[in-house]
Amino acid sequence: MANSTYPMFYEDVYDALQKTVSGNPQGLAMKQVASALWPTRNPETARSVLSRALNPENNEVKLGPEEIEKVMELCGPEHVIFYLCDKFGFERPHKKRDLTLEEEVQYLRTVIDKHNLGSLFQR
């Protein structure tokens, strides 16, 4: 995914989390995300808890690190990662992609040449 499809900035971590949940590429509704976070709760109750946790004015319900990680796994990590990069002065990363066979071979050749490992593979 290109970074240009994401906001230039986030107001705060709540903004990043709200965008994560509402704009996830899997198309999960908030109730589905909440039910995955708290499977033993009634789905409507879980949705209400998640909605309150994503509101910066709420002082009662907060998401813990494991819950934030689960939201990122379910909905995509980009918004939260980009928010943290912006906040702490890092460049936003590009998502890794699978290499083609040709790219893998070229990469291995480069590593072998760089480290003079060619003699290990000669008979």
Side-chain angles (χ1 to χ4, degrees):
M1 288 185 189
N3 288 351
S4 62
T5 61
Y6 295 94
M8 295 265 309
F9 67 92
Y10 298 90
E11 295 292 325
D12 52 29
V13 70
Y14 295 99
D15 184 31
L17 285 166
Q18 290 166 0
K19 285 176 172 53
T20 297
V21 172
S22 67
N24 70 78
Q26 293 76 10
L28 298 173
M30 185 179 288
K31 188 188 292 188
Q32 292 171 298
V33 175
S35 292
L37 286 173
W38 302 292
T40 59
R41 290 190 176 183
N42 172 299
E44 280 300 322
T45 303
R47 188 206 54 75
S48 175
V49 169
L50 180 57
S51 179
R52 287 184 292 156
L54 296 177
N55 182 347
E57 296 176 9
N58 164 61
N59 290 321
E60 300 169 12
V61 181
K62 301 290 182 193
L63 294 177
E66 294 87 3
E67 292 161 327
I68 293 172
E69 184 176 24
K70 183 73 171 179
V71 168
M72 293 169 70
E73 288 172 0
L74 292 168
C75 301
E78 292 85 357
H79 289 292
V80 175
I81 289 172
F82 292 167
Y83 164 74
L84 292 171
C85 286
D86 295 349
K87 179 175 175 119
F88 294 105
F90 289 91
E91 280 189 42
R92 291 180 176 190
H94 295 280
K95 195 166 188 170
K96 292 180 182 178
R97 63 177 178 80
D98 291 333
L99 298 177
T100 64
L101 179 60
E102 293 81 21
E103 290 171 325
E104 286 185 38
V105 168
Q106 182 59 43
Y107 171 76
L108 289 173
R109 284 185 178 141
T110 303
V111 170
I112 289 168
D113 290 344
K114 181 178 179 181
H115 297 286
N116 287 326
L117 300 174
S119 63
L120 295 175
F121 299 100
Q122 295 175 352
R123 293 183 183 213

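All heavy atoms count here, side chains included; hydrogens, waters and symmetry mates do not. Along the sequence shown, residues are numbered consecutively beginning with 1.
- Annotation: side chain to side chain donor-acceptor pair (under 3.5 Å) contacts of Asp12 (sequence neighbours excluded): none.
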Which atom pairs, donor and acceptor, lie under 3.5 Å between side-chain atoms of residues 34-42 and protein residues at least two apart or in another chain?
unit_1: Ser35; atom_1: OG; unit_2: Lys31; atom_2: O; d: 3.0
unit_1: Trp38; atom_1: NE1; unit_2: Glu67; atom_2: OE2; d: 2.9
unit_1: Asn42; atom_1: OD1; unit_2: Glu44; atom_2: N; d: 2.7
unit_1: Asn42; atom_1: OD1; unit_2: Thr45; atom_2: N; d: 3.4

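- By the salt bridge (Lys or Arg N to Asp or Glu O under 4.0 Å) test, Glu60 pairs with Arg52, sequence neighbours left out.
- Between the CD1 atom of Ile81 and the OH atom of Tyr6 there is a distance of 9.5 Å, given to the nearest 0.5 Å.
- Of all non-hydrogen atoms in Leu54 and Leu63, the two that sit nearest each other are CD2-CD1, 4.2 Å.
- No more than 12 heavy-atom neighbours from other residues, nucleotides or ligands sit within 6.0 angstrom of CD on Glu91.
- The structure places CG of Leu17 at 9.0 Å from CG of Leu50, a figure rounded to the nearest 0.5 Å.
- The nearest pair of heavy atoms linking Leu28 to Gln32 is CA-OE1, 3.3 Å.
- Looking only at side-chain heavy atoms (C-beta outward), Glu102 and Gln106 stay at 4.5 Å or farther from each other.
- In this structure, the separation between CE on Met30 and CD on Gln18 is 8.0 Å, given to the nearest 0.5 Å.
- Put simply, CD1 on Ile68 and CD on Glu66 are 9.5 Å apart, with the number rounded to the nearest 0.5 Å.
- Across all their heavy atoms, Arg92 and Pro7 have their closest contact at NH1-O, 2.8 Å.
- We find the CD-CG distance between Glu78 and Asn24 to be 10.5 Å, quoted to the nearest 0.5 Å.
- Evaluated for a side-chain contact (heavy atoms from CB on, under 4.5 Å) with Tyr83, the options Tyr10, Phe88, Tyr14 yield exactly one hit, Tyr10.
- Taking each heavy atom of Thr20 and Gly76 in turn, the nearest pair found is CG2-O, 3.3 Å.
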